[in-house]
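Before I ask anything, let me first share the structure, which is written out below as structure tokens.
To find a chain, count down the sequence lines: A is the first, B the second, and so on, and within it residues start at 1. Please read these numbers as outputs of a predicted model, since none were measured by experiment.
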There are 2 protein chains.
Amino acid sequence: MVHTPVRSLPLVDLGYSTALLTDQYELTMLQAALRSGTAGRRAAFEVFARRLPTGRRYGVVAGVGRLLEALGEFRFGERELRFLTSRGIVDEPTAAWLADYRFSGDIWGYPEGECYFPGSPIMVVEATFGEAVLLETLVLSVLNHDSAIASAASRMVNAAGGRPMIEMGSRRTHEAAAIAAARAAYLAGFANTSNLAAGLRYGVPTAGTSAHAFTLLHDSERHAFKAQLTALGKGTTLLVDTYDVERAVRTAVELAGPSLGAVRIDSGDLAAMARRVRALLDSLDAHDTRIVVTGDLDEYGIAALAAAPADAYGVGTSLVTGSGAPTASLVYKLVARADSEDPRAPMRPVAKRSVGKPSRGGRKSAVRRLDGHGVACAEVVSTGPPIDRASSGPRDRPLLVPLVKGGVVVGGEPLEAARERHAAAVRELPATALQLSAGDPAIPTEFVNGGPSAAMP
Amino acid sequence: MVHTPVRSLPLVDLGYSTALLTDQYELTMLQAALRSGTAGRRAAFEVFARRLPTGRRYGVVAGVGRLLEALGEFRFGERELRFLTSRGIVDEPTAAWLADYRFSGDIWGYPEGECYFPGSPIMVVEATFGEAVLLETLVLSVLNHDSAIASAASRMVNAAGGRPMIEMGSRRTHEAAAIAAARAAYLAGFANTSNLAAGLRYGVPTAGTSAHAFTLLHDSERHAFKAQLTALGKGTTLLVDTYDVERAVRTAVELAGPSLGAVRIDSGDLAAMARRVRALLDSLDAHDTRIVVTGDLDEYGIAALAAAPADAYGVGTSLVTGSGAPTASLVYKLVARADSEDPRAPMRPVAKRSVGKPSRGGRKSAVRRLDGHGVACAEVVSTGPPIDRASSGPRDRPLLVPLVKGGVVVGGEPLEAARERHAAAVRELPATALQLSAGDPAIPTEFVNGGPSAAMP
């Protein structure tokens with residue numbers, strides 16, 4: 001467990017302030033609350049999804065580690081304050097308040113890689129209203145993006161049934177989002193990524209050999225293959241669909257011998273091509289040469305290749321766009337607040353009544369309820385005190401962990417820990433969770449109203 | 001026109017290297033090409049879309065300005081090189097080549113804000129293969145993201161028919177993508193954004209007043225409205241759907257008087273609510289108080305509000321996710337290269353033959369052909385010499401402009417210029433371009449094969 005003070009030692013030095021990754025209304029609300037004497041009221045904001053993307057069986061919490069890093073750089077420096085005051089966005093007293101801003105509150109959350117369901121209290125931010133309201137946009141941007149990618153990635157990993165997955169979607173999304181997408185895919189079970197920045201920044205294993213341009217650059221495919229084998233060795237992956245796949249495979253094995261690492265097919269009917277190429281490789285005694293297939297794959301395309309002799313899948317566009325659900329639709333809602341700025345004043349539940357946008361007031365805790373076989377059977381969300389494990393079944397797994405305590409990051413962890421947690425969380429779900437077909441959430445969310453707002457772990 | 005050397009003076013100091021926003025295979029291709037003596041061959045890569053997103057009538061080129069900034073920071077420093085060599089991704093000779101890397105070639109492109117169609121040669125990068133291949137991922141990430149957002153934004157602006165649009169989707173996309181999305185929306189005609197970083201970084205006008213949390217923080221809606229009016233003045237926008245809309249509107253006008261700036265409705269049947277609220281405001285003599293509607297709007301929802309008394313629209317999720325098309329599907333393909341490293345060797349067209357992924361070899365130029373009324377009627381793409389304007393019709397508007405010459409940025413421009421260009425480009429399209437219904441591209445793309453590869457402007 002890494003204990004890092006938010007104010008001085010972010011997990012990674014981002015090199016820039018994250019304070020303006022923020023919607024303007026957070027600052028105008030702060031200014032108005034400072035004036036009305038309410039900015040200091042204790043408040044609890046909750047991050048949750050009203051629903052999963054249509055047909056999805058579960059969601060995956062991702063971005064927690066990135067958020068903890070970004071929180072460390074959430075400061076209003078001279079440049080930010082000059083912008084805000086010169087544009088008339090905040091007045092001088094508000095700017096002075098912002099200059100001293102450091103988040104000093106508490107954050108609990110589902111740890112990264114955990115699964116979630118509609119209404120799961122994925123994160124709870126408790127601080128004064130002023131301190132907590134400023135984090136809304138940053139919290140949601142990071143969690144919405146990364147959770148959307150991880151949720152799609154997890155389905156793809158399940159569909160692949162153990163065959164390794166390569167993330168290669170950087171070119172289809174914003175250049176910085178690409179790094180986060182590679183990270184999210186890895187924690188959801190992808191084997192590696194094409195994105196070098198994700199390798200440098202997060203230690204995600206990287207992969208990649210060549211594109212069609214490399215073959216076209218050379219005077220012939222044979223020249224190109226020779227050049228690649230010379231530079232990268234026989235273990236490399238040769239791309240065989242620039243001209244004629246069969247001829248390319250023959251050339252590849254002729255040049256590399258049966259120890260050729262792999263061939264890649266990027267177009268056409270991937271299942272049929274994989275079968276033809278496997279037969280051809282075998283006929284050339286290249287039994288150990290693997291077949292990597294890429295080209296507009298999503299979880300359905302991957303599942304359709306289950307019977308094909310593909311050894312690894314590369315996924316791009318559908319991964320970085322969340323396979324139809326590019327955002328997780330998480331919201332950040334005030335669920336409780338004190339009646340005065342007295343730090344000892346108790347918090348009371350609050351909720352808006354907007355049509356079609358239900359939210360439940362009150363600070364919450366949650367457990368995943370397991371049946372006698374260790375299989376998840378319900379997400380139990382309590383607005384009361386923590387559920388008594390003895391009274392509520394022997395296998396209630398608490399879901400919220402401390403992430404920040406009094407402004408100090410206490411929830412930092414290596415990315416590998418999130419990856420392992422995710423694999424375990426999926427194994428625990430009922431088998432229906434792994435169906436790709438549209439359906440209801442794999443387990444129901446049960447809300448238990450248990451009196452006053454719950455104490456957090 | 002800003003002339004900025006790429007090597008020393010980026011338009012904006014990004015503060016970090018963009019060189020690892022790159023797929024690994026670009027570096028392994030470079031290494032193999034350096035070994036095989038082909039890395040120095042002159043090469044032309046082209047950015048184009050094989051098709052528009054299903055049903056779309058036109059696309060919008062965006063991200064050019066951001067790309068020119070990022071290009072200035074595309075250097076392999078000590079940290080990047082140490083990563084690449086320690087991981088065994090490149091060998092020492094390749095690392096030495098990378099240490100000296102500065103893009104020294106030429107880039108032409110459709111200027112930012114221009115419309116594009118299937119096969120439009122949106123960008124042409126000409127340099128040695130080694131120099132040009134490294135830029136693939138960065139070029140595509142920036143252009144694919146920003147063009148997808150701008151293309152969706154343009155449809156929304158058209159649907160709004162002159163009513164101002166507020167971009168407020170930051171929380172639904174990656175925190176850095178949010179800044180680029182706000183910029184892209186602005187160039188496509190949005191009035192402003194909630195994103196403060198886009199205000200600081202790109203000068204996009206910003207907006208925003210308050211959320212439901214602000215009302216819930218206070219002891220009553222009346223207290224909240226009073227606090228906001230005190231802090232932000234009567235010209236502010238009060239959010240009226242936290243509890244009961246009618247009561248909130250009455251309270252708002254009672255407190256602010258008829259000079260109340262605006263009220264915002266964020267839920268329910270927006271058209272019906274807008275009519276009820278307009279009638280109520282008018283009955284209270286608040287004739288000048290505007291109505292802002294927000295809440296899961298996309299271009300279809302906006303169009304459906306045409307007859308409703310809404311004065312401005314706020315759009316979030318659908319904007320930042322490209323309204324169903326979160327990536328523009330642009331590709332970066334080698335279309336011509338020399339047969340040797342001799343810098344005077346002529347380039348010859350090349351193209352792969354992969355099934356279902358057609359590409360046309362040869363460096364290209366393009367014009368938008370206008371009819372006698374100045375209305376666009378075709379996108380004419382030539383693989384020959386530039387089309388003779390006299391011989392091809394009096395109203396051929398050339399589309400490619402120089403962006404980088406010999407490594408020096410020559411295509412920098414203020415964001416406002418792109419915004420004005422986009423408005424003009426849309427006005428020039430036939431009326432069918434503005435239909436929201438699914439259909440074919442508004443104008444056909446005509447390919448003219450005119451002999452040897454064309455000289456660029």
Side-chain angles (χ1 to χ4, degrees), chain A residues 15-16 20-25 28-29 31-32 35-36 38 83 129 137 140-142 144-145 170-178 180 194 196-197 200 206 208-214 216-218 227-228 230-232 241-243 267-268 321 326-327 334 337 350 352-357, chain B residues 15-16 20-25 28-29 31-32 35-36 38 83 129 137 140-142 144-145 170-178 180 194 196-197 200 206 208-214 216-218 227-228 230-232 241-243 267-268 321 326-327 334 337 350 352-357:
Chain A
Y16 58 91
L20 293 192
L21 302 175
T22 294
D23 288 322
Q24 177 166 313
Y25 77 1
T28 49
M29 284 192 277
Q31 178 168 319
R35 283 271 199 112
S36 72
T38 51
F83 167 74
F129 176 83
T137 308
L140 289 178
S141 291
V142 173
N144 267 324
H145 175 268
S170 296
R171 64 190 56 193
R172 298 280 184 261
T173 187
H174 182 278
E175 69 275 15
S194 63
L196 291 169
L200 172 60
T206 59
T209 57
S210 65
H212 298 102
F214 186 76
L216 294 172
L217 169 69
H218 287 81
Q228 186 176 332
T230 301
L232 306 177
D241 72 337
T242 303
Y243 304 112
S267 56
T321 58
T327 182
L334 182 69
R337 52 98 180 148
V350 293
K352 65 175 174 168
R353 292 186 218 129
S354 308
V355 179
K357 293 185 174 177
Chain B
Y16 58 91
L20 293 192
L21 302 174
T22 295
D23 288 320
Q24 176 167 312
Y25 77 1
T28 48
M29 284 192 276
Q31 178 169 318
R35 283 270 199 112
S36 73
T38 52
F83 167 73
F129 176 82
T137 308
L140 289 179
S141 291
V142 173
N144 267 324
H145 175 268
S170 296
R171 65 191 56 194
R172 298 279 184 261
T173 187
H174 182 278
E175 68 276 14
S194 64
L196 291 169
L200 173 60
T206 60
T209 57
S210 66
H212 298 102
F214 186 76
L216 294 171
L217 170 69
H218 288 80
Q228 186 176 333
T230 301
L232 306 178
D241 72 338
T242 303
Y243 303 112
S267 55
T321 59
T327 182
L334 182 69
R337 51 96 181 150
V350 293
K352 65 174 173 168
R353 292 186 219 128
S354 307
V355 178
K357 294 186 174 177

- [ ] Find the distance between CG (B:L232) and CE (A:M29) and round it off to the nearest 0.5 Å.
- [x] 10.5 Å

TODO: Locate the shortest heavy-atom distance separating A:N144 from B:R172; write the atom from each residue and the value.
DONE: ND2-NH1, 3.3 Å

Task: Heavy-atom pairs under 4.5 Å with chain A, option from B:S194, B:A231, B:S36 with the top count - done: B:S194

TODO: Write down the atom of A:A227, the atom of B:A32, and the distance for their closest heavy-atom approach.
DONE: O-CB, 3.8 Å

- [ ] Check for a donor-acceptor pair, side chain of B:T242 on one end and backbone N or O of A:K352 on the other, with a separation under 3.5 Å.
- [x]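 No, the answer is negative, given that no donor and acceptor are paired below the 3.5 Å cut-off.
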
Task: Top contributor to chain A interface from B:L200, B:V350, B:V142, B:T230 [non-hydrogen pairs under 4.5 Å] - done: B:L200

Task: Heavy-atom pair count under 4.5 Å with chain B, highest-scoring of A:G208, A:A176, A:S170 - done: A:G208

Open item on the list: If we define contacts as heavy-atom pairs under 4.5 Å, which of A:T38, A:L217, A:T173 has the most with chain B?
Closed with: A:L217

Open item on the list: To the nearest 0.5 Å, what is the distance between OG1 on A:T206 and CD on B:Q24?
Closed with: 3.5 Å

Open item on the list: Working to the nearest 0.5 angstrom, can you tell me the gap between A:Q228 CD and B:Y25 OH?
Closed with: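 The distance works out to 12.0 Å.
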
TODO: Check for a donor-acceptor pair, side chain of B:R337 on one end and backbone N or O of A:H218 on the other, with a separation under 3.5 Å.
DONE: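 Indeed, once roles are kept as given, a pair shorter than 3.5 Å links the two residues.
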
TODO: State the CZ-OG1 distance between A:F214 and B:T28, to the nearest 0.5 angstrom.
DONE: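 That separation rounds to 8.5 Å.
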
Task: Selection from A:T209, A:L334, A:L21 maximising heavy-atom pairs under 4.5 Å formed with chain B - done: A:T209

Task: B:T137 side, atom OG1; A:R171 side, atom CZ - distance, nearest 0.5 Å - done: 5.0 Å

Open item on the list: In terms of relative ring orientation, are B:H174 and A:H145 parallel, tilted or perpendicular, with 30° and 60° separating the classes?
Closed with: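 Aromatic pair B:H174/A:H145 classed perpendicular.
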
Open item on the list: With rounding to the nearest 0.5 angstrom, report the CD to OG1 distance, A:E175 to B:T22.
Closed with: 11.0 Å

TODO: Identify which of B:P326, B:A197, B:S210 forms the greatest number of heavy-atom pairs closer than 4.5 Å to chain A.
DONE: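 Result: the option with the highest number of such pairs is B:S210.
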
